[in-house]
S.K.: 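I'd like to ask some things about the structure below.
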Amino acid sequence: MTGRPSEYSQEVVSIICERLADGESLRTICADDDMPAKSSVFKWLTLHKEFADQYARAREAQADTLFDEILSIADDGTNDTYVDENGNTRTDQEVIARSRLRVDSRKWMAGKLRPKVYGDKLELAGDAANPLHVVTKIERVIVRPDDTNA
């Protein structure tokens, strides 16, 4: 029995990135006995630029996978209806609600992982009479050597 890997290895990080791109969460991946702890992965991300770059690409690919899953969930009506004890076809509202939650969760995640592609688009409008102004306020605190809190 070898235990969890804690030493950086391109083989392990490639597996992590491939599984991320396939839609798995880092939490699920790191729960496997043959995978490193999440803390090791986060440490590696700060220490190894090539891993950080590979990880970022995997997260972008994960957004695309989530988008594909959204279509599959939305198109799958397998359990949307059932036949009740009187032989009537009924809509299973619990199944519909669960599917909606699954779609909404994936939409949110995809939007966070690839905001330029899947994020909400903000449309701002203004005209000559009512132009839109964006103001950014930056506060600066100056501490002088003679300022003391005694």
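Values below: all heavy atoms of this structure, side chains included; hydrogens, waters and symmetry mates excluded. Just so you know, residue 1 is the first one in the sequence shown, and it goes up from there.
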S.K.: Which pair of heavy atoms, one from A37 and one from C30, lies closest together, and at what distance?
M.R.: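 Where A37 meets C30 most closely, the heavy atoms are C-SG, 4.1 Å.
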
S.K.: Ignoring hydrogens, what is the shortest heavy-atom contact between E24 and T28? Give both atom names and the distance.
M.R.: OE1-CG2, 3.7 Å

S.K.: Please check this pair: side chain of T46 against backbone of K43, looking for a donor-acceptor N/O pair closer than 3.5 Å.
M.R.: yes

S.K.: Distance check, rounded to the nearest 0.5 Å: R100 atom CZ versus K107 atom NZ?
M.R.: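 So the CZ of R100 and the NZ of K107 are separated by 10.0 Å.
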
S.K.: If you measure from CG on L113 to CD on E60, what distance do you get to the nearest 0.5 Å?
M.R.: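 Answer for the CG-CD pair, L113 versus E60, is 9.0 Å.
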
S.K.: Hydrogens and angles aside, do Q54 and R57 bring a side-chain donor and acceptor to less than 3.5 Å of each other?
M.R.: no

S.K.: With a cut-off of 3.5 Å and sequence neighbours excluded, list every side-chain donor-acceptor pair involving residues 63-75.
M.R.:
residue: D64; atom: OD1; partner: R114; partner atom: NH1; Å: 3.0
residue: D64; atom: OD1; partner: Y118; partner atom: OH; Å: 2.7
residue: D64; atom: OD2; partner: R114; partner atom: NH1; Å: 3.1
residue: T65; atom: OG1; partner: A21; partner atom: O; Å: 2.6
residue: T65; atom: OG1; partner: A61; partner atom: O; Å: 3.3
residue: E69; atom: OE1; partner: R106; partner atom: NE; Å: 2.7
residue: S72; atom: OG; partner: D68; partner atom: O; Å: 3.4

S.K.: Side chain to side chain contact (heavy atoms under 4.5 Å, CB included) with D76: which residues, sequence neighbours excluded?
M.R.: T78

S.K.: How close do A58 and C17 get, counting heavy atoms only, and between which atoms?
M.R.: CB-O, 3.4 Å

S.K.: Which residues, ordered by chain and number, are linked to V41 in its hydrophobic cluster, where ILVMFWY side chains connect at heavy-atom gaps below 4.5 Å, directly or through other members?
M.R.: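 Taking Ile, Leu, Val, Met, Phe, Trp and Tyr as members, V41 shares its hydrophobic cluster with Y8, V12, V13, I15, I16, L20, L26, I29, M35, F42, W44, L45, F51, Y55.
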
S.K.: Does CD belonging to E50 count more than 12 external heavy atoms closer than 6.0 Å?
M.R.: yes

S.K.: Check whether any side-chain heavy atom of D80 lies under 4.5 Å from a side-chain heavy atom of I96, and answer yes or no.
M.R.: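 They are in contact (side-chain heavy atoms under 4.5 Å apart), so the answer is yes.
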
S.K.: Any non-hydrogen side-chain atom of H48 less than 4.5 Å from a side-chain atom of Q10?
M.R.: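 Not touching, per the 4.5 Å side-chain cut-off.
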
S.K.: Any donor-acceptor pair under 3.5 Å linking the side chain of N86 with the backbone of N88?
M.R.: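 No; zero donor-acceptor contacts below 3.5 Å.
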
S.K.: Charged N to carboxylate O under 4.0 angstrom, D22 versus R19?
M.R.: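 So D22 does not pair with R19 through a salt bridge.
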
